Structure formats: C-alpha cells, structure tokens
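Since we're looking at a predicted model, the values are computed, not measured. We name chains A, B, ... by the order of the sequence lines, and we start the count at 1 in each one.
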There are 2 protein chains.
Amino acid sequence: MGRRSDHSRDEIRDMAVSAAAKIVEKVGYQSLTARKVASEIGYTVGTLYHVFHNFDDLIMHVNAQTIDEMAALIQRHIRKKRNPEVRIRTMAEYYVQYATDHPDRWRLVFEHEPPRSLATPARLKERRDVMFEMVADNLRELSPESVSHEVEHTATALWSGIHGICILALTGKLYLGGAFSMVKLIDTLIDSVINEFRRV
Amino acid sequence: MGRRSDHSRDEIRDMAVSAAAKIVEKVGYQSLTARKVASEIGYTVGTLYHVFHNFDDLIMHVNAQTIDEMAALIQRHIRKKRNPEVRIRTMAEYYVQYATDHPDRWRLVFEHEPPRSLATPARLKERRDVMFEMVADNLRELSPESVSHEVEHTATALWSGIHGICILALTGKLYLGGAFSMVKLIDTLIDSVINEFRRV
DNA sequence: CTCTTTTATTAAACAATGTTCAATTAATAA
DNA sequence: TTATTAATTGAACATTGTTTAATAAAAGAG
C-alpha cells in the first residue's frame, strides 16, 4: 500500500511517542522495540523512520514528554505554597511521587544513553535544568543576600543528592534493599543542606 | 574441534571477565557483546555459555570485579587516616576518582538491569552494601552515643547523595553541564550532613 | 593398550533487534 | 488526464543473545 494520509506527520509522531510511553509503563523500558510501537499505532517500522531520525530520537521524544509531565505535576503543587523551604520540600515530594508512579519512564530519562553520534537536543537539556533552576530560585528567596553562584552550587548539590536517593531506591540498589523510607532519607538531606545554607 | 583443555573452566571465566572489563573500558559498555568477549579470549560464544549462565551473568561478574577494585582502592587510602570525618571525605574522594577513571565500568554497575528472571546474587548486593557500611561505621565513631538506626539512616542518605552527584556528572545530566566541580559539590553535601548529624 | 564414556568446543542455526530501500500507491500539481 | 511528489509497506540486512547437533579430545574401565 502507498500513501494513506490518515494522519499528518506530526500526528504520527505524537501517536508514536504516546504509544511508546504506554509500552514502557506496561512492559518496561527494556522491552520497548520499534516494531511494538509501530504495530501499536497501526503502522510499520518504516513509517517510524520516516518521522524519526532514529530509535534514539524516538526515545528522546518520550523522555521530553516524561520530563514535561513531571515538571507539570511539581509546578501544580508548589503553586499553592508560599514558603520557599516548603516549596523545595514539595518539589522533592512530588519528584519522588512521580518517579514511584512511573518508574520505568522515569528511569528511561536517566538511563538512556544517546549515541555520541546523536547529540542530546538542547531542548531536552533545558527541560532537565528546569528542576535545578526551581530549587535555586527558592534558595535565593530563602537567603537573598547570597551570591548567585553559591546558590546555584547548593541547589545543584541538593537536587543531585535527592536524585541519587531516588534512583538507588528505584533500582533496588539502596543499602539494605530500601529498608529506609525514601521520603525520610530525602528529608534528612534537605534538613542538612538547608540548615547549612542558612548558616553561611 | 573438540575439547582442548588449554584452560580450566575457572580460568576461562576469569579470562572472559577481564576481557569484558577491558572491552567496556575501551569501547564503552554499550558495545560489549558476547562475540567480542569470546574472540578476545580465543574462544567461541558457545564456550561462554558453557561457563556462564547468561550474558547478564557475565556482566554481573564484571560488576563484582569492578566493585571489588573500587572498594580496594578506597580502603587502601582510608587505612592511613585516623579521623572518621577525614575517612568519609577520603572515601568520597576516591569514589569520585574511580568513577572518573573508569566511567564505563562504573556506570555498568549501576545501569545494568538484571532481568527479573535472574535474581541479583547475594554476593553482589553485599559488595554494594560495603560502602554504605563503611560510612555508617565512621559516623558511629563520630558520635558514639547515636542510635544505630539513625546512624545507618544518615549514612544511606549521605552516600546516596554523593552517588547522585557522581552519576549525574558522569552522564552529563548535571545542571549547567557540569560547570560545577564534582568534588566541591560533594564537599557541600558532606559538610551539610555531617554538621547536621553532629547537632542532633 | 583398547574401548567406552564423558565433556569441552565449535559451527551453524534461531529469533529478535535497529535500520535501509526498492516497489507501490495515493494525493497533489500541471 | 497525466505527471510528479511523497507516504507506506514488505522484504532484506547486519548484529544481537541463545540453543543445539556434531565433533574431538580427555578420562576411565577392562
């Protein structure tokens, strides 16, 4: 068969990304294949390669969608909060929430290695940076006299640390197999970093 | 050809693990294949399957070796230190050192997902836990009156945080693309957690 | 020393993967 | 109506992990 034009290229791209996300959630990101995505949207692999540069390209689109979803969830919840410290804690709370609810999609964001031939698109990097910037903004509000570079440094350390707890827990590589609560571990980190930040 | 017996099964297993580790370091863990390992040691894939249960089984052996190497490096350096706080800082220093020097082998430890059919061997888990326990031991020495569970909780939070900084930096997913020094970020985390730990 | 049994090793085959491409067919333009 | 353009397919490709029947050498029995 030849041209069908049931859907535009953009529609097919969106359908493929959504189908891929659904497959990742259902059977895990290890079992995501081009043929599964294609058959899920009623097309053939060839069509996917007409719309995406690569399979990695498709994955990066899935990851962009994941980050957007996660950021939206977080922003929806911190909008109600006025206290910068509470906002940071809320960010972490829903970061963990999202990662726990969608473990495979979340892991795909951090465990997918784009081939060196294909550079990570600037949009994806920017999206990832959004979370760091939100933490920095609230730290700045917490102590307006701090120099910007120090604030960003602290925000990077704190958010990376939270991420570390999250990924070790979700991959089952945490000490004692996750006998500790992720939320409490993260609270400890936030308490420590914020107290130290206030003191300096 | 049939039986050669140039090497015992144990020898072949060790050769394969070393060859695999070398390949991972040279061309990256994404490019590690069973056939490359086999040809590197002068055998065929079939022989690998005579010695390993799986390709994942081979990888877990590689990871065990990696963790042992890393733990040995760290222990060699903290033996000279007497102060528990200095020991924790030294641990982090050489953790980063090892990860930076052998990025692909280090990442393989944390990004290899064993299939749910094949359970992670207890030995591998124990090896991973060694690092957490070393941190806990030194925290305990730092404040002997603390209850054991609190100490382990703090150690888990701190070491997971350090790991988070490390993995985001090494995978190029850190805020501002690693414009911050890994060592300084980790120092910030250690300062914060240890100060807070002392206070409680 | 000879015959049998065991077992290490290979080569070939398998199914599944990402990827490419010529053929086909429908929409669009002339 | 015809010619051009482009979407879609199906089949092919190389490469992956994995299995297996054939083979040859070591080990054991007599």
Side-chain angles (χ1 to χ4, degrees), chain A residues 1-17 19-21 23-24 26-63 104 108 111-118, chain B residues 1-17 19-21 23-24 26-63 104 108 111-118:
Chain A
M1 283 171 236
R3 174 190 284 191
R4 292 201 326 216
S5 287
D6 288 352
H7 308 94
S8 73
R9 231 196 321 253
D10 281 355
E11 282 174 332
I12 291 181
R13 208 195 51 220
D14 289 351
M15 289 163 61
V17 170
I23 291 169
V24 169
K26 211 180 289 182
V27 297
Y29 69 99
Q30 308 262 15
S31 309
L32 180 68
T33 75
R35 283 172 180 78
K36 277 181 194 161
V37 174
S39 97
E40 183 80 18
I41 65 173
Y43 282 85
T44 322
V45 261
T47 299
L48 286 184
Y49 282 83
H50 201 257
V51 166
F52 297 99
H53 191 301
N54 255 338
F55 191 62
D56 295 280
D57 186 25
L58 165 56
I59 290 181
M60 290 197 293
H61 277 81
V62 174
N63 285 344
D104 277 281
L108 187 59
E111 290 180 15
H112 173 248
E113 166 90 348
R116 30 231 147 283
S117 57
L118 200 69
Chain B
M1 285 173 233
R3 172 190 287 191
R4 291 200 332 213
S5 287
D6 288 351
H7 309 95
S8 73
R9 230 195 320 253
D10 281 356
E11 282 174 331
I12 292 182
R13 208 195 49 219
D14 290 351
M15 290 164 62
V17 170
I23 291 170
V24 168
K26 210 179 292 180
V27 298
Y29 69 96
Q30 307 262 16
S31 309
L32 180 69
T33 74
R35 282 171 180 80
K36 278 182 192 161
V37 173
S39 97
E40 182 80 18
I41 65 173
Y43 282 85
T44 321
V45 261
T47 299
L48 286 184
Y49 281 83
H50 202 256
V51 167
F52 297 99
H53 192 303
N54 255 337
F55 191 63
D56 294 279
D57 186 25
L58 165 55
I59 290 181
M60 290 197 292
H61 276 82
V62 174
N63 285 345
D104 277 280
L108 187 60
E111 291 180 15
H112 172 248
E113 166 90 348
R116 30 231 147 280
S117 57
L118 200 68

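Taking for each of B/Gly42 and A/Phe55 the nucleotide of DNA chain C with the nearest heavy atom, the 5'-most of the two is the partner of B/Gly42. If you find the closest nucleotide of DNA chain C to A/Lys36 and to A/Gly46, the one lying nearer the 5' end belongs to A/Lys36.
Atom pair B/Asp6:CG and D/dA26:P shows a separation of 9 Å (rounding to whole Å applied). The nearest whole Å value for the distance from the NE2 atom in B/His53 to the P atom in D/dT19 is 9 Å. In this structure, A/Gln30 places its CD atom 18 Å from P of D/dT16, rounding to the nearest Å. Atom CD in B/Glu113 sits roughly 17 Å away from atom C1' in D/dG17 (whole-Å rounding).
A heavy-atom distance below 4.5 Å is found between the side chains of A/Glu111 and A/Tyr29. Side-chain contact between A/Tyr43 and A/Asp6: present, with at least one pair of heavy atoms (C-beta onward) separated by less than 4.5 Å. By the 4.5 Å heavy-atom criterion applied to side chains, B/Asp56 and B/His112 are counted as neighbours. Between A/Asp104 and A/Leu108, every side-chain heavy-atom pair lies at or beyond the 4.5 Å cut-off.
Across D/dT18, C/dT19, C/dT10, the shortest atom-to-atom separation from the side chain of B/Asn54 is found for D/dT18. Of the candidate nucleotides D/dT18, C/dA11, D/dT8, D/dT18 has the atom nearest to the side chain of B/Val45. Set against D/dT9, C/dT10, D/dG17, the side chain of B/Tyr43 has C/dT10 as its closest nucleotide.
Nucleic acid contact for A/Leu32: sugar-phosphate only, since backbone atoms but no base atoms lie under 4.0 Å from a heavy atom of the residue. A/Arg35 comes within 4.0 angstrom of a base, heavy atoms only. Looking at heavy-atom distances under 4.0 Å, B/Leu48 makes no contact with the nucleic acid at all. Counting any heavy atom pair closer than 4.0 Å across all strands shown, A/Tyr49 reaches a base atom. Note on A/Thr47: a base of the nucleic acid sits closer than 4.0 angstrom, heavy atoms only. Nucleic acid contact for A/Ile59: none, since no nucleic acid atom lies under 4.0 Å from a heavy atom of the residue.
Within the model, atoms OG1 of B/Thr33 and CD of B/Glu40 stand 10.5 Å from one another, a figure rounded to the nearest 0.5 Å.
When both distances must be under 3.5 Å, the Watson-Crick or G-U wobble mate of C/dA30 is D/dT1.
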